[in-house]
Amino acid sequence: NAGVMQNPRHLVRRRGQEARLRCSPMKGHSHVYWYRQLPEEGLKFMVYLQKENIIDESGMPKERFSAEFPKEGPSILRIQQVVRGDSAAYFCASSGTSGETQYFGPGTRLLVL
Amino acid sequence: GIQVEQSPPDLILQEGANSTLRCNFSDSVNNLQWFHQNPWGQLINLFYIPSGTKQNGRLSATTVATERYSLLYISSSQTTDSGVYFCAVERNFGNEKLTFGTGTRLTIIP
């Protein structure tokens, strides 16, 4: 059973470009979460999605950031017009049902030049 | 929101030593997980332990939910145990987001 998959593992963007981060949950999981880890800090919750629905986006910046989890395909975290402060590791996690263990992917390291 | 504090922030030990890491949280929780982030940045699930005690090899964990703390024990440390250990809690069913502590950075010296 494959774990949570994220790609790309590393992404370099120049200021003003767009970044698209992908997450495929574990097989059978329908709950997806995105977290951000700034250098030398812990992970911070961004958004929680189920198929075709955003359940909680309270941790996501109001501007430039969006997330989706379509009926088919991976979950996408999209950052428009990136700035240097967006440089971080972005982790995706998935779970089967509410309250269960969240399993984390390997993360995408975004570097904005 | 819920506060999660971990101690100590840094720990340097000789290979073979034992260690205890602590996680305090400020409110009732329905989920508590311990993670190891290795030097390559990967997050590894160690325990799902909202209450009680679990053991997995050289690692064990205990959560006392009524007193709002959890402990992670590492025995006979190895250099591969180095990294940052995070505790994360979920406050309410239906809320589901994990709130992470600031971590304990463990360095095992050969």
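Within every chain, numbering begins at 1; the chains are lettered A, B, ... in the order of the sequence lines, protein sequences first and strands thereafter.
Within the 4.5 Å cutoff, the side chain of A:Phe91 has heavy atoms near those of the B:Leu43 side chain. At a threshold of 4.5 Å between non-hydrogen side-chain atoms, the residues A:Gln37 and B:Phe86 count as touching.
Judged by distance alone, with hydrogens and angles left aside, the side-chain atoms of B:Tyr48 form no donor-acceptor pair with the main-chain N or O of A:Gln102 at under 3.5 Å.
Hydrophobic clustering of Ile, Leu, Val, Met, Phe, Trp and Tyr side chains at less than 4.5 Å, counting indirect connections, keeps B:Val29 apart from B:Val64.
Heavy-atom contacts from other residues, nucleotides or ligands closer than 6.0 Å to CZ of A:Phe65 number more than 12. Surrounding CZ of A:Arg15 are at most 12 heavy atoms belonging to other residues, nucleotides or ligands under 6.0 Å away. Within 6.0 Å of the CD atom in B:Glu15, the count of heavy atoms belonging to other residues, nucleotides or ligands exceeds 12. Shown here is A:Glu63, whose CD atom has no more than 12 heavy atoms of other residues, nucleotides or ligands within 6.0 Å. Other residues, nucleotides and ligands place more than 12 heavy atoms under 6.0 Å from the CD atom of A:Glu18.
Only the side chain of A:Tyr35 comes within contact range of chain B, judged by heavy atoms closer than 4.5 Å. In this structure, the portion of B:Gln37 lying under 4.5 Å from any heavy atom of chain A is its side chain and not its backbone.
Between the CG atom in A:Leu43 and the CG atom in B:Leu98 there is a gap of 9.5 Å [rounded to 0.5 Å]. Atoms CG and OG1, from B:Leu32 and A:Thr101 in turn, are 11.0 Å apart once rounded to the nearest 0.5 Å.
The pair A:Glu57-B:Lys97 fails the salt-bridge criterion, with no side-chain N (NZ, NE, NH1 or NH2) lying under 4.0 Å from an Asp/Glu carboxylate O.
Of residues 104-113 of chain A, those residues with a non-hydrogen atom less than 4.5 Å from any non-hydrogen atom of chain B are, in numerical order, A:Phe104, A:Arg109.
Between B:Asn31 and A:Glu100 the shortest heavy-atom distance is ND2-O, 3.8 Å.
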